Amino acid sequence: MGDLVVAALSEITALLGEPRFNWSDPAPWIELERELGIEFPADFREIVDAYGSVEISGQLYLTHPAGHLLHNLGECVRGDLELWREEDMAEFLPSPVSANPGDLIPVASATTGEAVFLRIPEGPSSPWRVVVQEFDSPAWTLYGMTFGEWFLAYLKGGDVTLCARNFAPDGPFYAFLPSH
């Protein structure tokens with residue numbers, strides 16, 4: 001785990017509270033990544049491993065790939081890939097939804113209808129980026145930041161399409177999603 005990932009996670013913990021999931025077995029990630037043909041960015045993995053399948057500030061859903069969870073990343077990604085590949089949905093995004101370089105992979109959703117994607121790097125030296133799509137309109141925004149940077153901006157109340165301060169005026173919080 002790189003220094004930037006550790007720094008981001010400690011900042012996230014300071015804002016959100018101590019993680020209580022703390023997953024350490026890489027097997028579910030390896031299985032999902034093999035199925036999709038991609039490797040998720042380290043910051044996304046670390047955040048999800050720390051917190052698990054949670055609802056952040058009553059708005060943002062993050063899910064973990066562990067198969068025993070009712071709300072797991074594999075099921076969410078597979079369902080969202082199918083939804084976003086439909087012709088009438090694809091026109092609402094800047095790139096196709098698939099596991100190819102430059103394309104989008106769905107990783108989170110919101111109670112307010114937005115979908116959060118990771119933009120797969122075009123090449124090995126290109127960074128991962130975040131795209132947020134507003135479900136009730138054809139609007140989307142590409143953020144020139146990693147998932148960890150975007151998530152921190154969200155937790156700090158920044159307007160990154162989703163805005164935590166609208167749902168958590170006293171500060172961000174999280175709750176586990178039902179496990180069965």
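Everything numeric here is computed off the predicted structure, so don't read it as measured data.
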Measuring from atom CG of Leu70 to atom CG of Leu177, what distance do you get when rounded to the nearest 0.5 angstrom? 8.5 Å
Smallest heavy-atom separation, Thr63 atom then Ser53 atom, equals CA-OG, 3.4 Å
Do Glu134 and Thr161 make a side-chain contact, defined as non-hydrogen atoms from C-beta onward lying under 4.5 Å apart? yes
Only pairs under 3.5 Å count here: list side-chain donor-acceptor contacts from residues 106-113, not counting sequence neighbours, and write none if there are none.
residue: Thr111; atom: OG1; partner: Gly58; partner atom: O; Å: 3.3
residue: Thr112; atom: OG1; partner: Gln59; partner atom: NE2; Å: 3.3
residue: Thr112; atom: OG1; partner: Glu114; partner atom: OE1; Å: 2.4

What's the shortest heavy-atom distance between Ile47 and Gly148, and which atoms? CD1-CA, 3.9 Å
Are Tyr143 and Val97 in one and the same hydrophobic cluster, where Ile, Leu, Val, Met, Phe, Trp and Tyr link if side-chain heavy atoms are under 4.5 Å apart? yes
May I ask you to test the Arg129-Pro127 pair for a side-chain heavy-atom distance under 4.5 Å? yes
How are the rings of His64 and Trp29 set relative to one another: parallel (under 30°), tilted (30 to 60°) or perpendicular (over 60°)? perpendicular
Same cluster or not: are Leu83 and Leu93 linked, directly or through other Ile, Leu, Val, Met, Phe, Trp or Tyr residues, by side-chain heavy atoms under 4.5 angstrom apart? yes
Shortest non-hydrogen pair, Val48 vs Pro65, comes out as CG1-CD, 4.3 Å
Do Phe173 and Leu152 sit in the same hydrophobic cluster, where Ile, Leu, Val, Met, Phe, Trp and Tyr count as joined when their side-chain heavy atoms come under 4.5 Å apart? no
Out of curiosity, Asp43 CG to Met145 CE, how far, rounded to the nearest 0.5 Å? 12.0 Å
Less than 4.5 Å apart, side chain to side chain, heavy atoms only: is that true for Leu60 and Val116? yes
Taking every non-hydrogen atom, the tightest pair across Gly102 and Ser95: O-OG, 3.3 Å
Looking only at heavy atoms, what is the nearest atom pair of Ile12 and Leu155, with distance? CG2-CD1, 3.8 Å
Where the side chain of Glu149 meets the backbone of Thr146, is there a donor-acceptor pair that is under 3.5 Å apart? yes
What is the distance from atom CZ of Arg85 to atom CG of Asp80, rounded to the nearest 0.5 Å? 11.0 Å
For Tyr174 and Phe176, take the angle between the two ring planes, folded into 0 to 90°, and tell me which bin it lands in: parallel under 30, tilted 30 to 60, perpendicular over 60. perpendicular
Would you say that more than 12 heavy atoms from the other residues, nucleotides or ligands in this model lie under 6.0 Å from the CD of Glu35, or not? yes
Between Leu162 and Trp140, is there a shared hydrophobic cluster once you connect ILVMFWY residues whose side-chain heavy atoms come closer than 4.5 Å? yes
State which residue, out of Trp150, Trp128, Phe147, Tyr51, fulfils the ring pair (Phe, Tyr, Trp, His ring centres under 6.0 Å) condition with Phe44. Phe147
Might you work through the side chain to side chain contact (heavy atoms under 4.5 Å, CB included) test for Glu33 and Phe40, ending with a clear yes or no? CA-CA 7 Å; Glu33 290 173 341; Phe40 286 97; 3.6 Å; yes
Using 30° and 60° as the class limits, which term best fits the ring planes of His68 and Trp23: parallel, tilted or perpendicular? parallel
Does any non-hydrogen side-chain atom of Leu104 lie less than 4.5 Å from one of Pro94? yes
Using a 4.5 Å cut-off on heavy atoms from C-beta on, say whether the side chain of Ile38 contacts that of Asn100. no
Output yes when Glu39 and Arg45 qualify as a salt bridge under the 4.0 Å nitrogen-oxygen rule, no when they do not. no
Give the C-alpha distance, both sets of side-chain angles, the deciding distance and a yes or no for side chain to side chain contact (heavy atoms under 4.5 Å, CB included) between Thr141 and Val160. CA-CA 8 Å; Thr141 306; Val160 285; over 6 Å; no
Within the structure provided, determine whether Leu16 and Phe151 are in side-chain contact (heavy-atom separation under 4.5 Å). yes
Could you check whether Glu31 pairs with Arg34 (Lys NZ or Arg NE/NH1/NH2 to Asp/Glu carboxylate O, under 4.0 Å)? no
Hey, does Tyr154 have a side-chain heavy atom less than 4.5 Å from the side chain of Ile56? yes
For Asn72 and Gly67 the tightest heavy-atom approach is ND2-O, 3.9 Å
Run the ring-centre check on Trp84 versus Phe117 and record whether the distance is less than 6.0 Å. yes
Main chain of Leu9, side chain of Glu46: is a donor-acceptor contact present, judged purely on distance under 3.5 Å? no
Are side-chain heavy atoms of Phe21 and Leu69 found at a separation under 4.5 Å? yes
